[in-house]
Amino acid sequence: MAEEVVDVRPAEVADATQLLALLAQLGRESNTFTVDEGIEDLSETDEQEQIAHINGTTTNIIFVATLASQLIGVSTVQASTDFSAAQGEVGVAVLKEFWGMGLGTALIEEVLDWARNYSTIGTTSVNCSAAKRACNQAVSAFGF
C-alpha cells in the first residue's frame with residue numbers, strides 16, 4: 001500500500017465547507033490558534049466569498065494541509081489592520097490527531113515563502129503567549 005502524502009496548498013473556494021468545519025474543530029482543540037468571533041455564523045457562500053477576496057489580495061493568504069481529501073491544518077497571513085497593510089500576522093493550527101508530525105512547520109514555511117516571494121507585506125509577526133510552548137517552539141526556528 002502506498003504511503004499517504006500531506007499536501008500544503010493555498011485554500012480554494014471549493015474548500016469553504018471543509019474549512020469552516022476545520023476552523024470550528026481547531027477552535028475547540030487548540031490553544032495556539034484563535035478563531036474569529038462569529039465564524040460559526042458564516043455560511044458556505046460567505047466563506048467562499050471570503051476565500052475569493054483573500055486570494056485576490058497580496059497581503060492575506062490561507063494555506064491548507066490536506067490528507068487525501070480531508071483538511072487537517074491551516075496557516076494564514078492576515079494584514080494587521082486592513083487588506084493593504086504592510087505587516088501581516090501569521091497563524092497556524094493543525095488538528096490534534098496530527099500534532100508532532102511537522103505539519104505546523106510545513107504550513108509556516110509555506111506562508112513565509114508566500115510572504116517573501118508573492119506578497120506586498122513588508123514584515124510578518126506571530127503572537128504566541130509564553131504559556132503556548134508548542135507555538136513558541138514552532139516559530140522560534142523561523143526567527144520569530
Side-chain angles (χ1 to χ4, degrees), residues 5-144:
V5 177
V6 173
D7 182 38
V8 176
R9 61 169 175 77
E12 302 168 354
V13 171
D15 295 322
T17 299
Q18 279 196 66
L19 186 56
L20 285 171
L22 174 66
L23 293 171
Q25 185 171 349
L26 289 168
R28 293 186 301 272
E29 287 186 357
S30 177
N31 66 354
T32 63
F33 189 74
T34 304
V35 178
D36 291 340
E37 279 188 44
I39 191 115
E40 66 278 350
D41 298 327
L42 284 180
S43 69
E44 179 181 357
T45 301
D46 292 337
E47 185 67 2
Q48 288 171 337
E49 290 172 0
Q50 286 287 334
I51 293 169
H53 181 71
I54 288 167
N55 287 346
T57 74
T58 59
T59 56
N60 299 270
I61 192 73
I62 302 170
F63 277 88
V64 291
T66 64
L67 180 62
S69 60
Q70 178 189 5
L71 299 188
I72 61 171
V74 62
S75 60
T76 61
V77 175
Q78 184 174 4
S80 57
T81 56
D82 61 44
F83 281 114
S84 62
Q87 180 174 343
E89 184 173 341
V90 174
V92 63
V94 174
L95 289 176
K96 192 171 192 173
E97 173 183 355
F98 300 97
W99 287 2
M101 297 180 182
L103 296 177
T105 298
L107 285 159
I108 292 170
E109 287 173 346
E110 286 297 324
V111 295
L112 293 179
D113 179 67
W114 173 85
R116 279 189 297 269
N117 297 304
Y118 302 101
S119 79
T120 55
I121 289 177
T123 61
T124 53
S125 65
V126 177
N127 185 7
C128 292
S129 73
K132 296 178 180 177
R133 185 172 171 253
C135 176
N136 285 299
Q137 286 179 331
V139 301
S140 67
F142 295 98
F144 289 102

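For the numbers below, each heavy atom of this structure counts, side chains included, while hydrogens, waters and symmetry mates do not. This one's a predicted model, so the numbers in the text were calculated from it and none came from an experiment.
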I61 vs T76 side-chain heavy atoms within contact, under 4.5 Å: no
CD-CD distance between Q70 and E97, expressed to the nearest 0.5 angstrom: 6.5 Å
Donor-acceptor contact present, side-chain N55 to main-chain E12, <3.5 Å: no
Heavy-atom check, side chain of L19 versus side chain of L23, under 4.5 Å: yes
Check: I54 main-chain N/O paired with N60 side-chain donor or acceptor under 3.5 Å: no
Between CG on residue D41 and CG on residue L20, distance to nearest 0.5 Å: 10.5 Å
For A11 against V64, the heavy-atom pair lying closest together: CB-CG1, 4.1 Å
Non-hydrogen atoms of V77 and G88 that approach each other most closely: CG1-CA, 4.0 Å
Side-chain (S43) to main-chain (D46) donor-acceptor, under 3.5 angstrom: yes
Short side-chain to backbone donor-acceptor contact, E110 and A65, under 3.5 Å: no
Non-hydrogen side-chain atoms of T17 and E47 separated by less than 4.5 Å: no
Side chain to side chain contact (heavy atoms under 4.5 Å, CB included) partners of Q48, counting only residues at least two apart: V13, A16, E44, T45
Minimum-distance pair of heavy atoms, taken over all atoms of I121 and T59: CD1-O, 3.1 Å
Closest heavy-atom pair and its distance - S75, V111: OG-CG1, 3.1 Å
Pairwise side-chain contact, M101 with I72, heavy-atom cut-off 4.5 Å (strictly under): no
Side chain to side chain contact (heavy atoms under 4.5 Å, CB included) between L26 and L95, worked out: CA-CA 6 Å; L26 289 168; L95 289 176; 4.0 Å; yes
Considering all heavy atoms, the nearest E29-K96 contact: OE1-N, 2.6 Å
Side-chain heavy-atom pair V94, W99 within 4.5 angstrom cut-off: yes
Gap between atom OG of S69 and atom CG of D15 - 0.5 Å precision: 10.5 Å
Where F98 and L103 come nearest, the two heavy atoms and their spacing: CB-CD1, 3.6 Å
